[in-house]
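Working notes, beginning with the structure itself.
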Amino acid sequence: MSALARDLAPLVLAGVLGPAGAGKLFGRGTARQAPRTALARLLRDGGRAALFLRVLGAVELLLAAALLAWPTTPLPGAGAALLGVGFLGYLGYARTAAPGSSCGCTARQEAPLTWRAFARAAAVLAGGAAAALARQPWWTAAARHPATAACLVLAAAVALTALSADPERRWRMPLRRLRLRIAGHPLAATATATAVAPATTQAAMPPDAAGAPPPVPLTAAGARTAVPVAATVELLERSRAWQSVSRVVRSALMDHWDDGGWRILQFAGVYGGGTAARPVLVLFAVDAAASLDTVREPAVRVSVIDADSGAPVMATA
């Protein structure tokens, strides 16, 4: 089993480095994300950070191709192991010097780095070391033990997917939404305000010249007009609730959904400082019908939860 895993290591490692390298080299988000990474702080320039990420992407693609084409040659595996060592060193610097920054590891995620980034780097190091010791091509090993090889590759893919940043949007967030709908979300303590949200919003609107509050915009059918998400975000960012926790927020809007008259806006952030800093999710609940045209200071509920465990960190009304 161990010999088979060793011989399949080049295939699995190429599956890790290839997509990551392509994302850095060809991804449209590389230039946008680079200035927000710890690499920009290390190189003291966002443009140089973007160039470095693209060069790194090219190196990862070359290593992936070499691992697939020449799996029994030690050099590609050794190169990948050295890359893993470099990743771990960089992540250690990023965690110390800029804990709220993204690592830029995949050029697809702007959230602060977590233990998963260290685990991915360690996996690259271990995979490179195993690939350097491969004794036969991965296709030969897979042909001799097809069922076992398929199980090993599938298990590795599941483990690496769980460690990647992308599942946050692909399956963790849908599961969290389902949990919030079934069991209630961290803002449930303020749920009683939902029933009176329209009245609260109306009372908070600035009065007109006659002293009466302005009407809520209506459609032709007499219903409230749908407020664009961008308008809700603009309203939120001008609120006192946003100002009270803006020091925690470290990303642009990551996700949003409407629930019971509230619009839930999710951001990534970092709570605490120094060695106590930990990644969190910041949830804002804003009246889904409120906008700058209808209210000056909206009713906003805020909750901060741990990004890994989902446990509440702090909450403020």
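Excluded from the calculations below are hydrogen atoms, water molecules and symmetry mates; all remaining heavy atoms, backbone and side chain alike, are included.
- With hydrogens and angles ignored, the 3.5 Å screen pairs a side-chain donor or acceptor of Arg54 with a backbone N or O of Lys24.
- Taken together through direct or relayed side-chain contacts under 4.5 Å among Ile, Leu, Val, Met, Phe, Trp and Tyr, Trp242 and Leu292 form part of one hydrophobic cluster.
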side-chain contact (heavy atoms from CB on, under 4.5 Å) assessment of Val12 paired with Leu160
CA-CA 10 Å; Val12 175; Leu160 292 170; 3.9 Å; yes
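- Following chains of ILVMFWY side-chain contacts shorter than 4.5 Å, one cannot reach Val59 starting from Leu25, and the two form parts of different hydrophobic clusters.
- Put simply, Tyr93 and Leu88 are part of the same group of oily side chains (I, L, V, M, F, W, Y) that touch within less than 4.5 Å, one to the next.
- Between Phe267 and Phe284, the ring centre distance stays below 6.0 Å.
- Residue Val304 is grouped with residue Val233 when hydrophobic side chains (ILVMFWY) are merged at heavy-atom distances under 4.5 angstrom, including chains of intermediate members.
- The distance from the CH2 atom of Trp257 to the CG atom of Asp259 is 8.5 Å, given to the nearest 0.5 Å.
- The backbone N or O of Gly92 lies less than 3.5 Å from a partner atom in the side chain of Thr96, making a donor-acceptor pair.
- Here the CD-CG distance, from Gln243 to Leu236, works out to 10.0 Å after rounding to the nearest 0.5 Å.
- Using a 4.5 Å heavy-atom threshold, the side chains of Leu17 and Leu61 count as separate.
- Other members of the hydrophobic cluster containing Val55, listed by chain and number, are Leu51; membership follows side-chain contacts under 4.5 Å among ILVMFWY residues, whether direct or relayed.
- No donor-acceptor pair closer than 3.5 Å links the side chain of Thr148 to the backbone N or O of His145.
- The side-chain hydrogen bond (donor to acceptor under 3.5 Å, both in side chains) test applied to Glu234 returns Arg238, not counting sequence neighbours.
- Proximity of Val248 to Val280: side-chain heavy atoms (C-beta onward) are separated by under 4.5 Å at one or more points.
- The structure places CG of Leu265 at 9.5 Å from CD of Glu237, a figure rounded to the nearest 0.5 Å.
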Please determine whether side-chain contact (heavy atoms from CB on, under 4.5 Å) holds for the pair Ile305 and Leu283, giving the CA-CA distance in whole Å, both sets of side-chain angles, and the decisive distance to 0.1 Å.
CA-CA 8 Å; Ile305 62 176; Leu283 301 176; 4.3 Å; yes
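- Contact between Ser291 and Val227 at its shortest, heavy atoms only, is CB-CG1, 4.0 Å.
- Side-chain atoms of Arg301 do not come within 3.5 Å of backbone N or O of Ala285 as any donor-acceptor pair.
- Considering CG of Leu83 and CG of Leu56, their distance stands at 6.0 Å, rounded to 0.5 Å.
- Atoms CG and CD1, from Asp258 and Ile264 in turn, are 8.0 Å apart once rounded to the nearest 0.5 Å.
- Checked by atom type and distance alone, the side chain of Arg135 pairs as donor or acceptor with a backbone atom of Leu133 at under 3.5 Å.
- To the nearest 0.5 angstrom, Glu60 atom CD is 11.5 Å from Leu67 atom CG.
- Judged purely by atom type and a 3.5 angstrom limit, Asp255 has no side-chain atom pairing as donor or acceptor with the backbone of Gln266.
- Val153 is connected to Leu68 through a chain of hydrophobic side-chain contacts under 4.5 Å among Ile, Leu, Val, Met, Phe, Trp and Tyr, so both are in one cluster.
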